[in-house]
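Keep in mind that the numbers below use all heavy atoms, side chains included, and drop hydrogens, waters and symmetry copies. Computed from a predicted structure; not experimentally measured. We name chains A, B, ... by the order of the sequence lines, and we start the count at 1 in each one.
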Protein chains: 2
Amino acid sequence: MNTASSLKSRLTRAQKQIHCLLEQSGETLTAQAIYQRLKDQQQMLGLATVYRSLRSLQIKGLAQARALPNGEWAYGLTSDDSHYLTCLNCGTSVPVEDCPVHSLEEKLGQSSHFQIFYHTLEFFGLCAPCTGRLEAESP
Amino acid sequence: MNTASSLKSRLTRAQKQIHCLLEQSGETLTAQAIYQRLKDQQQMLGLATVYRSLRSLQIKGLAQARALPNGEWAYGLTSDDSHYLTCLNCGTSVPVEDCPVHSLEEKLGQSSHFQIFYHTLEFFGLCAPCTGRLEAESP
DNA sequence: ACTAATAATGATTATCATTCTCATTCTAGT
DNA sequence: ACTAGAATGAGAATGATAATCATTATTAGT
């Protein structure tokens with residue numbers, strides 16, 4: 001039995017619910033959104049438990065987080081390898097298809113002493129409408 | 001004159017001070033740290049102004065931000081292309097030398113309608129000490 | 001099954017980085 | 001120098017997340 005699987009071993013009820021929700025929804029969700037959705041489907045968890053469980057899932061290598069421009073975090077499963085291009089002005093995000101990072105991740109896993117669970121790769125700039133707007137404002 | 005340079009055109013006093021500080025320090029700094037350092041060197045700016053200026057510098061393509069695990073943001077210049085490997089348990093960060101993302105960034109800049117200023121690339125997992133500690137705790 | 005010990009949960013409160021507000025000060029163009 | 005309009009500062013407001021602690025569920029040992 002390897003390290004990862006022993007850490008993943010037992011999940012609490014709350015952790016299972018959240019893992020399951022992330023699996024079903026397919027998209028990434030904020031902690032507050034997870035709280036709401038569970039409440040809506042009569043699986044109510046305390047907000048504190050949602051945060052605690054998300055942290056535990058991360059440490060077990062099952063969940064990942066990316067920071068949104070507004071300061072919130074979006075959570076998803078580590079099996080999901082999606083990345084985004086985000087406008088610094090309006091916050092619009094569009095998905096990026098390519099991901100050239102896997103070979104580097106493997107190399108790092110061997111050379112560093114870290115056990116790597118996931119990576120984030122995000123691009124930032126201005127979307128076309130915002131570029132236009134900002135140029136118009138500051139001639 | 002291209003889009004980027006026109007946006008970068010004029011910097012306010014506060015924006016210049018912060019840009020200069022980031023240039024000198026060489027490391028990335030949180031907004032609160034920037035506020036403190038400027039105060040220490042008798043260049044005091046209001047906290048609101050620090051935040052406003054950082055946002056403006058980002059939109060002008062001069063500064064970039066990466067989210068720290070504790071919810072703060074670390075700011076640096078876009079000319080700095082450094083990336084990190086961070087422990088999900090204790091927050092320790094170590095720099096990653098390689099960066100295989102540039103060719104993708106160029107390709108995206110052409111195919112998407114975004115004007116891309118910078119990217120973040122972060123790896124997350126457990127450092128060796130934390131892996132040991134967590135295994136000891138949950139046998 | 002029963003009980004003691006341990007871990008998980010929920011309700012509430014506290015924290016703290018960031019944003020908002022608005023009165024004041026600076027700046028650019030005339 | 002004068003006058004918009006932008007920039008700034010002080011302080012209050014916001015809101016996501018973390019901490020606290022009493023209660024409930026789970027586990028392990030008998």
Ignoring hydrogens and geometry beyond distance, is a side-chain donor-acceptor pair present between [X] and [Y] at under 3.5 Å?
X: B/Tyr118; Y: B/Gln58; value: yes
X: B/Gln115; Y: A/Thr131; value: yes
X: A/Thr78; Y: A/Gln64; value: no

Is there a path of hydrophobic side-chain contacts, each under 4.5 Å between heavy atoms of I/L/V/M/F/W/Y residues, joining A/Val101 to A/Phe117?
no

Round to the nearest Å and state the distance from [X] atom [atom1] to [N] atom [atom2].
X: A/Leu45; N: D/dA25; atom1: CG; atom2: P; value: 14 Å
X: B/Tyr35; N: D/dG11; atom1: OH; atom2: C1'; value: 11 Å
X: B/Gln43; N: D/dT8; atom1: CD; atom2: P; value: 13 Å
X: A/Leu11; N: D/dT27; atom1: CG; atom2: C1'; value: 16 Å
X: A/Ile18; N: C/dG10; atom1: CD1; atom2: C1'; value: 13 Å
X: B/Ile34; N: D/dT8; atom1: CD1; atom2: P; value: 14 Å
X: B/Ile59; N: D/dA7; atom1: CD1; atom2: P; value: 12 Å
X: B/Lys16; N: D/dA7; atom1: NZ; atom2: C1'; value: 13 Å

Quick check: do [X] and [Y] have side-chain heavy atoms less than 4.5 Å from each other?
X: A/Val96; Y: A/Phe123; answer: yes
X: B/Leu22; Y: B/Leu62; answer: no
X: A/Thr120; Y: B/Phe124; answer: yes
X: B/Thr12; Y: B/Gln15; answer: yes

Can B/Gln32 and B/Tyr51 be said to form a side chain to side chain contact (heavy atoms under 4.5 Å, CB included), step by step?
CA-CA 9 Å; B/Gln32 304 280 344; B/Tyr51 281 101; 3.2 Å; yes

Nearest heavy atoms of B/Val50 and B/Ala31, plus distance in Å:
CG1-O, 3.8 Å

Axis-to-axis angle across the helix from C/dA1-D/dT30 to C/dT30-D/dA1, five pairs an end, to 10 degrees?
40°

Just the atom pairs and distances: protein N or O near nucleotides 16-18 of chain D's N or O, under 3.5 Å.
unit_1 : atom_1 : unit_2  : atom_2 : d
D/dT17 : OP1    : A/Trp73 : N      : 3.4
D/dT17 : OP2    : A/Tyr51 : OH     : 2.3
D/dT17 : O5'    : A/Tyr51 : OH     : 3.2
D/dA18 : OP1    : A/Arg55 : NH2    : 3.3

Mind listing the N/O atom pairs, protein and nucleotides 27-30 of chain C, below 3.5 Å?
none

Could you tell me the separation between the CG atom of A/Leu77 and the CG atom of A/Leu57, rounded to the nearest 0.5 Å?
8.5 Å

List in chain and number order the residues that pass side-chain hydrogen bond (donor to acceptor under 3.5 Å, both in side chains) with B/Lys107, two or more places apart in sequence or in another chain; answer none if no residue qualifies.
A/Asp98

Please step through side chain to side chain contact (heavy atoms under 4.5 Å, CB included) for the pair B/Phe114 and A/Val94, ending with a clear verdict.
CA-CA 10 Å; B/Phe114 276 66; A/Val94 303; 4.1 Å; yes

Nucleotides 3-6 of chain D: which of its N/O atoms have a protein N/O under 3.5 Å away?
none

For residues 82-90 of chain A, which side-chain N or O atoms pair as donor and acceptor with protein atoms under 3.5 Å away, sequence neighbours left out?
unit_1  : atom_1 : unit_2   : atom_2 : d
A/Ser82 : OG     : A/Asp80  : OD1    : 2.9
A/Ser82 : OG     : A/Asp80  : OD2    : 2.8
A/His83 : ND1    : A/Leu121 : N      : 3.4
A/His83 : ND1    : A/Leu121 : O      : 3.3
A/His83 : NE2    : A/Asp81  : OD1    : 2.9
A/His83 : NE2    : A/His119 : NE2    : 3.2
A/Thr86 : OG1    : A/Ser93  : OG     : 2.8

Would one find a side-chain N or O of A/Thr49 under 4.0 angstrom from OP1 or OP2 of C/dA8?
no

